[in-house]
Amino acid sequence: MSASLEKGVRVLKEMIDAPIASYFNSCVHCGLCAEACLFYTETGDPKYTPIHKLEPLRRIYEQEYTLLGRLKKVLGLSKPVTDAELGEWQELVYNSCTLCGRCSLVCPVGNDIVYMVRKFREGMAISGHAPEGIVEATRRTVSTGSPMGVTMHAVKAQMKHVEEETGISIPLDVEGAEYMVLLSSMEIINFPEYLSAIARIMKHAGKTWTLCSTGFEATNSGIQIGVSDLAKTIVSRIVEGAERLKAKTVISPECGHAYTALRWEGPNLIGRPFTFKVQHILEVLDELRSQGLLKTEGFETDRLTFHDPCQLARRGGVIQPQRNLINMVAQNFVEMPDAGKMNWCCGGGGGVTAIEPAEALRIEAFKKKKSQLEAVKPDRLVTACAVCRTTLEEGLEHYQMNIPVVGLTEIIAEHLPEQGA
Amino acid sequence: MHGPLIDSLARQGVNRRTFLKYCASLASMMALPPAAGRAMAEAMAAASTGGQRPSVIWLPFQECTGCTESITRSHSPTIEGMIFDMVSLDYHETLMAAAGHQAEEALHNAMKANAGKYLLIIDGSVATGLDGAYSCIAGQTNLDALKEAAQGAAAIIALGSCAAFGGLPNAKPNPTGAVAVSDIIKDKPVVNIPGCPPIPVVITGVLAHFLTFGSLPELDKLGRPKAFYGETIHDRCYRRPFYDQGKFAKTFDDEGARKGWCLFELGCKGPVTYNACATVKWNDGTSWPVQSGHGCLGCSEPDFWDGGGFYKALSMPANPLKMAGAATVTGAAAGVAISFANRAKKAAAKSAHETTTLADLEKSEER
Amino acid sequence: MPTNDKDFKAKLGALPIAHQRHVGALFVQRVLPFSSDVRLKAALELALRADASDAELTGAYQAANTARVESYTRCGSVCDWADQAGHFVAKAVMACVSPAAEGESLAWEAAMSARMARTCQTVADGSGTENREAEEQYRILEAFLNN
Amino acid sequence: MNELQFLTWVRGTGLNIAVGIFLLGVLWRLIEIYSLGRKKDLAAPRHVAGASGWHTMFRRSVPPAGMLKRSPVSYIGGYVFHIGLAIVVFLFAPHIKLIESLIGLSWPGLPSQFIDLAAVVTMAAMVVVLVDRINKPVKRYLSTFEDWFTWTVTFLPVLTGWLAVRHLLLPYTTMLALHILSVEILLVVLPFTKLFHAFTLWGSRYYNGAVNGHKGVPV
């Protein structure tokens with residue numbers, strides 16, 4: 001049982017559908033998608049043109065699903081896709097693509113390029129051409145439950161720390177709670193503030209919630225590497241946990257792709273609609289705000305701006321909530337250029353941070369975010385995704401820009417009225 | 001009846017000055033220098049003295065006598081008619097008094113007498129179907145008559161679109177296998193004077209040129225005198241400004257038609273037809289088709305009968321959707337066929353799908 | 001002797017910034033061995049010197065921040081809890097040398113990060129989740145307030 | 001085969017074949033593409049006004065925020081020559097007659113001077129876009145033979161049509177015949193090259209809009 005080109009082509013034959021056929025027949029080689037991709041705009045290298053990243057998939061589509069293409073193949077006039085070529089394309093399909101989806105929003109003929117990259121990765125992965133970093137992360141997630149090897153033991157340690165700090169007990173495996181809270185490994189490891197913020201906010205809002213010992217991990221590297229079968233295994237843990245604990249709503253934490261994996265791909269991965277609701281933490285907070293259950297006091301006075309994680313805003317549809325929330329606690333909130341739906345990627349999403357060799361390119365791509373920040377000169381940068389935070393901090397550090405990065409949930413929690421703390 | 005032409009003209013009330021003016025206008029129309037006009041006048045005036053009037057043999061084949069009609073307009077004695085007095089029209093079935101054997105005899109005598117010098121005018125297309133049996137005179141097929149007459153001819157004039165390009169008889173389906181004169185006679189200079197019928201002055205112009213200079217006028221690719229067929233009707237049409245402004249008559253009696261707008265949309269073939277109607281006009285300059293409100297038919301162009309309809313605008317194709325039905329059905333069939341093939345291929349790929357495991361992410365001969 | 005974090009946080013917040021820096025540094029000294037980063041050792045000594053100038057503090061602050069960012073466990077890689085403890089030590093040191101503007105909860109930040117360092121260490125060496133860091137920190141504060 | 005016979009063939013059998021292949025190709029390829037189908041999205045949709053496939057089919061004609069700045073030539077050049085082509089094809093009297101003879105519909109056309117200007121502007125825009133494809137690294141990198149071929153096949157009808165109406169270069173008969181012939185080549189190759197985007201872009205924009213609209217993102 002091992003990866004092979006033959007399996008790769010077979011999986012792509014399953015993946016290719018009418019949209020992909022329509023897209024490949026519509027592309028007029030106008031190059032506008034490159035103008036929207038930070039890997040091209042910051043490097044100027046035409047090989048990073050988004051539609052070019054799909055060249056092997058285009059040929060497989062042409063040779064398998066068009067009459068003329070099949071004819072040409074029979075007559076030996078077509079250029080078959082080789083294993084070596086897929087190897088060459090790994091750098092284009094993974095290292096230089098964070099699945100941010102900006103190209104899909106600018107293509108004048110409407111090609112959804114990121115839709116195709118996501119499907120092309122299915123063939124790349126099973127033909128053995130996924131980057132080692134993500135393969136290892138997926139292996140660990142499938143075998144140990146977390147891409148970074150976080151075990152329940154570590155989660156309990158962090159829970160105890162938060163309990164001491166906030167004086168609120170952290171519910172675990174409580175049935176019938178309104179919310180089942182998920183955490184991403186990055187938050188468990190690097191940002192304990194998130195869990196303490198959740199604890200305090202839920203107490204303040206008077207909402208019942210719980211963690212789930214068998215499904216605490218929100219991230220899903222299966223959708224980043226591009227193996228739906230493994231992504232299904234990973235997301236099923238959350239579904240079983242939520243249905244076992246009869247939670248009404250599952251909260252996807254401050255993470256980008258976790259939201260896409262659970263909210264949008266989840267039902268399609270397991271093949272049926274969810275019996276529970278899925279919301280990103282920002283959607284929950286915004287809902288509490290509008291229901292008057294989340295009241296904050298005091299304001300941040302320094303100049304804040306917000307970085308929209310791609311998987312949350314452009315690819316997830318959560319765009320306005322973060323604005324409403326920031327305006328609750330900030331007097332000097334300014335939008336960076338291209339904010340919201342058209343915001344630029346931090347360069348680390350889609351599994352790119354897990355790919356060691358991709359680091360140099362990532363730093364290069366970060367210049368786009370740098371130019372946005374230079375345009376708006378904030379004192380602090382707020383975002384809502386753990387990987388965005390570390391990527392932003394590493395980038396800012398690299399370019400000696402002294403702008404602290406902080407999570408939105410954390411800031412909201414800091415402005416809860418004191419009696420709760 | 002014989003004697004110098006100038007005398008016979010005088011008897012008919014045509015004085016010398018009118019005759020000179022006519023020759024000058026004829027010369028100018030044929031784009032000849034003014035001096036040629038005077039030379040033409042002397043040559044023609046003196047031509048009929050003595051016995052050397054040029055012999056002309058007129059052979060009618062598959063024709064409708066329209067060309068003869070056009071040339072011998074006799075509602076008033078025209079100069080053209082007089083010109084024919086000056087030539088010895090030795091054979092013209094319709095005009096000559098003789099008939100039957102006498103006519104045949106006159107023809108052969110003329111050919112023998114003026115061998116190599118006579119001018120042969122062909123009227124009508126030549127039937128080649130059934131070895132020419134479709135059209136015979138006195139037991140001889142037009143085909144053989146043409147070949148025989150052509151040997152002794154100094155030059156041949158294919159008069160009218162039938163003789164020049166095959167005309168109506170050669171329009172689809174061309175049952176008689178009608179062809180143009182120039183398709184049969186390759187070794188003799190052939191002047192095509194197309195038109196259905198051609199304009200009278202064009203014929204006399206060519207004749208006068210031949211009589212005066214003993215040679216044929218400059219011809220275009222299709223063997224037509226450039227003097228008369230050098231430009232298209234459209235180039236010289238008085239309605240051209242309307243074309244340029246996009247003002248087109250939509251029907252024959254709409255407001256545009258009454259205002260004399262361009263007849264392009266009513267099928268006028270002016271832009272693709274080379275002839276002199278727009279300048280010389282018909283019936284002594286009275287009018288011409290477009291001036292009378294009807295589009296040009298393109299009668300001086302080959303195969304104008306099969307040009308896709310006289311009333312269809314030039315940009316109008318004849319029947320482009322002819323194959324549409326068959327094409328749509330075949331297209332849909334091809335599409336459906338490939339869709340079933342694709343569906344089967346996709347289903348096969350799906351069924352061959354074994355759930356991917358972690359081991360599948362690495363090649364067996366692991367790096 | 002503060003008995004719970006609510007009281008502990010209030011007492012720390014009440015201290016003037018210089019004292020907060022000092023007591024924060026004391027908390028961090030306990031967990032400093034978890035990080036071998038020399039920049040942090042230097043920054044911590046600076047925090048303990050009452051006469052440290054703002055310029056020096058800012059320099060130390062940036063050095064600590066660089067150390068902190070560099071010690072993030074990269075997303076998707078195996079988490080080495082011992083290294084992660086070092087990350088929180090960096091975070092705690094950074095709190096101690098942070099500029100006066102964010103002063104009011106400086107010591108508390110240092111305390112929390114120091115505890116996280118300890119928690120990471122307990123996860124790393126597998127000893128249970130029970131650790132006495134909080135009580136130790138209360139004792140340090142008490143000792144500091146009394147002398 | 002002289003000019004008029006050439007024109008007659010081109011207006012007759014030539015066009016019949018071209019229209020035939022065109023219809024055949026379009027149907028075949030549309031069915032071939034869209035019969036592959038699409039899986040239903042089982043995730044609970046997020047309903048946001050203006051976020052749907054239908055909206056995207058039209059909204060995507062407007063350059064997204066900031067993109068016009070990044071490559072004005074592509075957008076402005078592209079718009080000018082597409083709109084120019086539309087004006088020349090659909091508002092020129094003889095063309096309207098042609099359409100009327102095909103499907104019976106007719107509408108008033110523009111005076112031929114406007115069409116003449118439109119044709120010139122269209123050709124100029126196409127040349128600008130061609131030069132941009134040669135100069136711009138990304139476009140040159142992406143371009144294959146098909147891009148240069150389809151450009152030519154789209155440019156020739158406008159050029160020959162303009163020359164014919166202006167009676168330039170060749171006699172009207174020949175130029176009109178060449179014009180119709182170039183249109184026939186365009187019709188024949190359209191369904192099998194990137195020119196087919198004229199048909200498939202609507203489907204593509206719809207899918208793009210639908211997939212993102214399902215998530216409440218108006219694209």
Side-chain angles (χ1 to χ4, degrees), chain B residues 165 221-222 231-232 234-235 240 243-248 250 262 264-267 269-274 298 300-304 306-309 312-343 345-346, chain D residues 2-5 7-8 10-37 92-98 100-103 106 109-116 161 164-167 171-174 176-177 179-180 184 187 191:
Chain B
F165 302 132
K221 289 203 305 310
L222 296 176
E231 282 174 323
T232 67
H234 192 65
D235 292 338
R240 181 61 180 280
Y243 172 89
D244 292 337
Q245 290 155 30
K247 291 197 170 96
F248 300 104
K250 304 283 186 229
C262 169
F264 184 87
E265 291 193 13
L266 291 166
K269 300 296 181 296
V272 294
T273 311
Y274 290 88
S300 60
E301 292 298 326
D303 304 319
F304 75 97
D306 302 329
K312 275 207 164 155
L314 256 181
S315 67
M316 301 274 286
N319 172 15
L321 294 181
K322 198 158 102 185
M323 298 185 183
T328 330
V329 168
T330 332
V336 168
I338 186 70
S339 71
F340 278 114
N342 287 350
R343 210 177 289 275
K345 177 176 274 193
K346 195 163 180 177
Chain D
N2 65 40
E3 297 125 350
L4 193 75
Q5 285 158 331
L7 175 63
T8 310
V10 150
R11 280 177 60 216
T13 15
L15 199 63
N16 299 356
I17 299 167
V19 167
I21 295 175
F22 174 72
L23 287 172
L24 184 143
V26 166
L27 260 164
W28 151 14
R29 301 247 40 233
L30 282 180
I31 297 173
E32 179 181 70
I33 289 166
Y34 292 104
S35 66
L36 282 168
F92 186 42
H95 291 162
I96 298 169
K97 282 311 282 168
L98 174 66
E100 189 185 13
S101 77
L102 289 177
I103 50 173
S106 170
L110 281 178
S112 48
Q113 298 91 329
F114 285 109
I115 302 296
D116 188 271
V165 169
R166 304 280 296 197
H167 297 269
Y172 180 82
T173 327
T174 324
L176 180 65
H179 173 64
I180 298 174
E184 280 159 18
L187 283 176

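Per chain, numbering begins at 1; letters A, B, ... match sequence-line order.
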Practice item. Rounded to the nearest 0.5 Å, what's the gap from NZ on Lys269(B) to OG1 on Thr173(D)? Could you check? Key: 12.0 Å
Review point. In Å, rounded to the nearest 0.5 Å, how long is the span from CD of Glu100(D) to CD of Glu265(B)?
Key: 8.0 Å
Study note, to complete from the structure: Shortest non-hydrogen pair, Ala327(B) vs Gly20(D), comes out as CB-O, 3.1 Å
Practice item. Report yes if some heavy atom in the side chain of Leu102(D) is under 4.5 Å from a heavy atom in the side chain of Pro320(B); otherwise report no. Key: yes
Point to revise | Proximal component of Leu7(D), with respect to chain B [non-hydrogen, under 4.5 Å] | key: side chain
**Study point:** Closest non-hydrogen atom pair between Tyr172(D) and Val272(B), with its separation
**Key:** CD2-CG1, 3.8 Å
Exercise for review: Answer yes or no: is there a side-chain heavy-atom contact under 4.5 Å between Val19(D) and Met323(B)?
Suggested key: no
Practice item. Look at Leu24(D), Val26(D), Leu30(D) and state which one has the largest set of heavy-atom pairs under 4.5 Å with chain B. Key: Leu24(D)
Check your understanding: In this structure, are over 12 heavy atoms from other groups packed under 6.0 Å from Lys345(B) atom NZ?
Key -> yes
**Study point:** Toward chain B, the part of Glu32(D) with a non-hydrogen atom under 4.5 Å
**Key:** both
Check your understanding: Taking Gly298(B), Ala326(B), Pro302(B) one by one, which has the highest count of heavy-atom pairs under 4.5 Å against chain D?
Key -> Pro302(B)
Exercise for review: Measure the spacing between OG1 of Thr330(B) and CD1 of Ile21(D) and express it to the nearest 0.5 Å.
Suggested key: 11.0 Å
**Study point:** Ile103(D) CD1 to Leu321(B) CG distance, which is reported to the nearest 0.5 Å
**Key:** 9.5 Å
Check your understanding: Pick from Asn16(D), Leu15(D), Leu27(D), Ile31(D): which one has the most heavy-atom pairs with chain B under 4.5 Å?
Key -> Asn16(D)
Check your understanding: In terms of heavy-atom proximity below 4.5 Å to chain B, should His179(D) be classed as side chain, backbone, both, or neither?
Key -> neither
Check your understanding: Rounded to the nearest 0.5 Å, how far does CD1 of Ile338(B) lie from CZ of Arg29(D)?
Key -> 9.5 Å
Point to revise | Heavy-atom contact with chain D under 4.5 Å, split by part of Tyr274(B) | key: side chain
Check your understanding: Checking Leu4(D) against chain B: side chain, backbone, both or neither under 4.5 Å from a heavy atom?
Key -> side chain
Exercise for review: Just do the salt bridge (Lys or Arg N to Asp or Glu O under 4.0 Å) check on Lys221(B) and Glu3(D) with the steps written out, would you?
Suggested key: CA-CA 11 Å; Lys221(B) 289 203 305 310; Glu3(D) 297 125 350; 3.3 Å; yes
Point to revise | Straight-line distance of Arg11(D) CZ to Lys312(B) NZ, nearest 0.5 Å | key: 8.5 Å
Point to revise | Structural part of Ser112(D) lying under 4.5 Å from a heavy atom of chain B | key: both
